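Notes follow once the structure below has been shown.
Because the structure is a prediction, the values reported are computed rather than measured. These numbers come from the heavy atoms of this one structure, side chains and all, not from hydrogens, waters or symmetry mates.
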Amino acid sequence: MNGAVYPPPTGPAANPFGNMPGYESMAGGGFMPPPMPLQPLAPPQPGPNADQWTIPSLSEDAAREAFKNFAASHCCYSGSPADDGVITSMEPFNTYRYRLETFTETRKTEPAEKPYEGETADFYTQPAPRPWEVQVNPPSLFTNHTEQVRVPFTSSVKDCGSCHGAGTTMCDDCRGEKHKECYMCHGSGEQNNERCTTCDGSGRKRCSTCDARGTKDCNTCKGRKKLLTYINLKVEWTNNMADHVVQQNSGLIVDLQNVSGKELFKNNQNLLYPLIGFPEPSIAEASERLIKDHQTKYAQSARILQQRQTVELIPITKVNYKWKGGSHLYFVYGNEHKVSADNYPATCCCVIM
């Protein structure tokens with residue numbers, strides 16, 4: 001029995017949106033450059049007062065308590081150095097973290113289609129808004145988010161090209177014949193020289209995929225026979241971040257990204273100016289360099305909605321102490337008062353059974 005014959009799917013129609021104002025570049029990838037900024041650059045903001053840069057000192061009690069907690073968290077560490085050691089000096093070290101965030105919006109358009117579900121076909125009932133004129137509700141500032149929007153006045157209805165408007169296509173399993181070869185007797189009708197009980201000797205089984213209809217709902221139009229075509233606008237908001245960490249020569253070797261610090265300064269504007277008056281030169285240099293890099297990089301490919309710069313102080317204290325006549329040291333760092341003591345003087349060998 002010959003399989004049912006179906007006409008081949010039609011090819012994609014020519015782009016009907018090519019002559020629409022604002023959408024001429026859609027065939028070249030759909031990226032829509034942002035319009036010129038509506039607001040002029042804001043004037044430079046004065047830097048914060050010098051007293052905002054001071055380091056909060058760590059008390060001996062806090063340093064000792066952090067050391068005790070550190071020793072207690074290690075099963076092979078004796079608590080004696082933490083309990084009985086005598087602190088002889090404490091040295092604070094300035095460790096700053098500068099962070100620049102640039103919150104951007106990009107827009108991209110592309111022809112799209114979906115099963116028609118009764119939507120209004122408004123193509124050319126009035127001029128469509130240009131990509132950057134489409135109203136979209138932005139998320140909270142400095143939050144990554146994506147929206148897909150159907151551009152108004154670009155929707156039209158057409159017959160589905162995959163099924164030629166029938167709503168169904170040939171079943172792939174039975175090739176439109178409604179029955180398939182019996183999987184037990186492989187079409188012979190017999191099994192072990194007896195009639196096959198699975199197909200009752202016919203050699204064929206009813207196709208369960210299409211319920212013996214020979215057809216299935218079209219995957220493109222989902223059985224609705226028609227498609228809604230329109231311009232899809234993809235809007236992406238991205239928080240682009242860059243960090244610069246300064247660590248003076250304290251001798252501490254840890255990953256400071258895993259701790260928090262005290263926020264010394266935060267400033268956000270549509271477009272930032274470099275930090276002014278910061279006592280650590282490398283922070284001011286990083287601010288100038290990163291702001292320039294971000295504004296150059298993103299202004300051409302996106303709309304910069306807001307920039308924010310933050311300076312954090314990550315406290316580090318080097319603690320020198322004596323225990324049993326020997327001199328030792330440890331570090332307390334971060335708001336969490338984490339401890340680093342590479343050469344803890346009282347350890348034992350633990351064997352876990």
side-chain contact (heavy atoms from CB on, under 4.5 Å) test vs N258 passes for just one of V254, L256, D255, namely D255
Residue among Q295, Q307, R308 satisfying side-chain contact (heavy atoms from CB on, under 4.5 Å) with T102: Q307
Nearest-0.5 Å distance, [atom1] of residue [X] to [atom2] of residue [Y]:
{"X": "E113", "Y": "N232", "atom1": "CD", "atom2": "CG", "answer": "12.0 Å"}
{"X": "I87", "Y": "S59", "atom1": "CD1", "atom2": "OG", "answer": "9.0 Å"}
{"X": "K225", "Y": "L227", "atom1": "NZ", "atom2": "CG", "answer": "13.5 Å"}
{"X": "L233", "Y": "T109", "atom1": "CG", "atom2": "OG1", "answer": "7.0 Å"}
{"X": "E194", "Y": "N192", "atom1": "CD", "atom2": "CG", "answer": "7.0 Å"}
{"X": "N267", "Y": "F265", "atom1": "CG", "atom2": "CZ", "answer": "4.0 Å"}

Do [X] and [Y] have side-chain heavy atoms sitting under 4.5 Å apart?
{"X": "Y96", "Y": "L264", "value": "yes"}
{"X": "M170", "Y": "R175", "value": "yes"}
{"X": "F153", "Y": "V151", "value": "no"}
{"X": "T168", "Y": "K216", "value": "no"}
{"X": "C199", "Y": "K205", "value": "yes"}
{"X": "C196", "Y": "Q191", "value": "yes"}
{"X": "C160", "Y": "K226", "value": "no"}
{"X": "P315", "Y": "N335", "value": "yes"}

Could I get the full list of ring-ring contact (aromatic ring centres under 6.0 Å, His included) partners for Y98, not counting sequence neighbours? none
So, [X] side chain and [Y] main chain: donor-acceptor pair closer than 3.5 Å or not?
{"X": "K222", "Y": "N219", "answer": "yes"}
{"X": "R107", "Y": "V134", "answer": "yes"}
{"X": "S287", "Y": "P274", "answer": "no"}
{"X": "R99", "Y": "T310", "answer": "no"}
{"X": "R303", "Y": "E105", "answer": "no"}
{"X": "T296", "Y": "D293", "answer": "no"}

Centroid-to-centroid, [X] to [Y], below 6.0 Å?
{"X": "Y333", "Y": "F93", "result": "no"}
{"X": "F70", "Y": "F331", "result": "no"}
{"X": "Y344", "Y": "Y330", "result": "no"}

I need the full list of ring-ring contact (aromatic ring centres under 6.0 Å, His included) pairs touching residues 188-220, with sequence neighbours left out, sorted by first then second residue. none
Looking only at non-hydrogen atoms, find the nearest pair between [X] and [Y] and report the distance.
{"X": "G203", "Y": "C185", "answer": "CA-SG, 4.0 Å"}
{"X": "P152", "Y": "P129", "answer": "O-CD, 3.6 Å"}
{"X": "A82", "Y": "F67", "answer": "CA-CD2, 3.7 Å"}
{"X": "A121", "Y": "T125", "answer": "O-CG2, 4.4 Å"}
{"X": "L305", "Y": "N270", "answer": "O-OD1, 3.4 Å"}
{"X": "Y321", "Y": "P345", "answer": "OH-CD, 3.4 Å"}

Stepwise side-chain contact (heavy atoms from CB on, under 4.5 Å) test for N320 and E91: CA-CA 8 Å; N320 297 284; E91 303 173 69; 3.2 Å; yes
Just checking, is any N or O donor in the side chain of [X] or [Y] under 3.5 Å from an acceptor N or O on the other one?
{"X": "S260", "Y": "E336", "value": "yes"}
{"X": "S80", "Y": "W323", "value": "yes"}
{"X": "T238", "Y": "E236", "value": "no"}

Residues which pass salt bridge (charged side-chain N to carboxylate O under 4.0 Å, His left out) with [X], listed by chain and number, not counting sequence neighbours:
{"X": "R289", "value": "none"}
{"X": "K180", "value": "D173"}
{"X": "E60", "value": "R64"}
{"X": "D84", "value": "none"}

Under the side-chain contact (heavy atoms from CB on, under 4.5 Å) criterion, do T169 and T215 qualify, and how do the steps go? CA-CA 5 Å; T169 56; T215 60; over 6 Å; no
Begin with the C-alpha distance, continue with both residues' side-chain angles, and end with the deciding distance and a verdict on side-chain hydrogen bond (donor to acceptor under 3.5 Å, both in side chains) for T104 and N240. CA-CA 8 Å; T104 60; N240 307 277; 3.1 Å; yes
If hydrophobic residues (ILVMFWY) are linked whenever their side-chain heavy atoms come closer than 4.5 Å, directly or via other members, who joins M184 in its cluster? Y183
Listed once per pair and sorted, the salt bridge (charged side-chain N to carboxylate O under 4.0 Å, His left out) pairs that draw on [range], sequence neighbours left out:
{"range": "residues 143-153", "value": "none"}
{"range": "residues 115-131", "value": "K114-E117, K114-E119, E117-R224"}
{"range": "residues 312-322", "value": "R97-E312"}

Evaluate side-chain contact (heavy atoms from CB on, under 4.5 Å) for K158 paired with T229, printing each intermediate quantity in order. CA-CA 7 Å; K158 69 173 185 178; T229 64; 3.6 Å; yes
Considering residues at least two apart in sequence or located in another chain, which fulfil the side-chain contact (heavy atoms from CB on, under 4.5 Å) criterion with D200? R195
Taking side-chain contact (heavy atoms from CB on, under 4.5 Å) as the definition, give me every residue that meets it alongside L141, ordered by chain and number, with sequence neighbours left out. F103, Q306
Does the side-chain contact (heavy atoms from CB on, under 4.5 Å) test come out yes or no for I283 and L275, once each step is laid out? CA-CA 8 Å; I283 288 291; L275 199 58; 3.8 Å; yes
Under a 4.5 Å side-chain heavy-atom rule over Ile, Leu, Val, Met, Phe, Trp and Tyr, are W237 and M241 clustered together? no
Residues, nucleotides or ligands: over 12 heavy atoms within 6.0 Å of Q300 CD: no
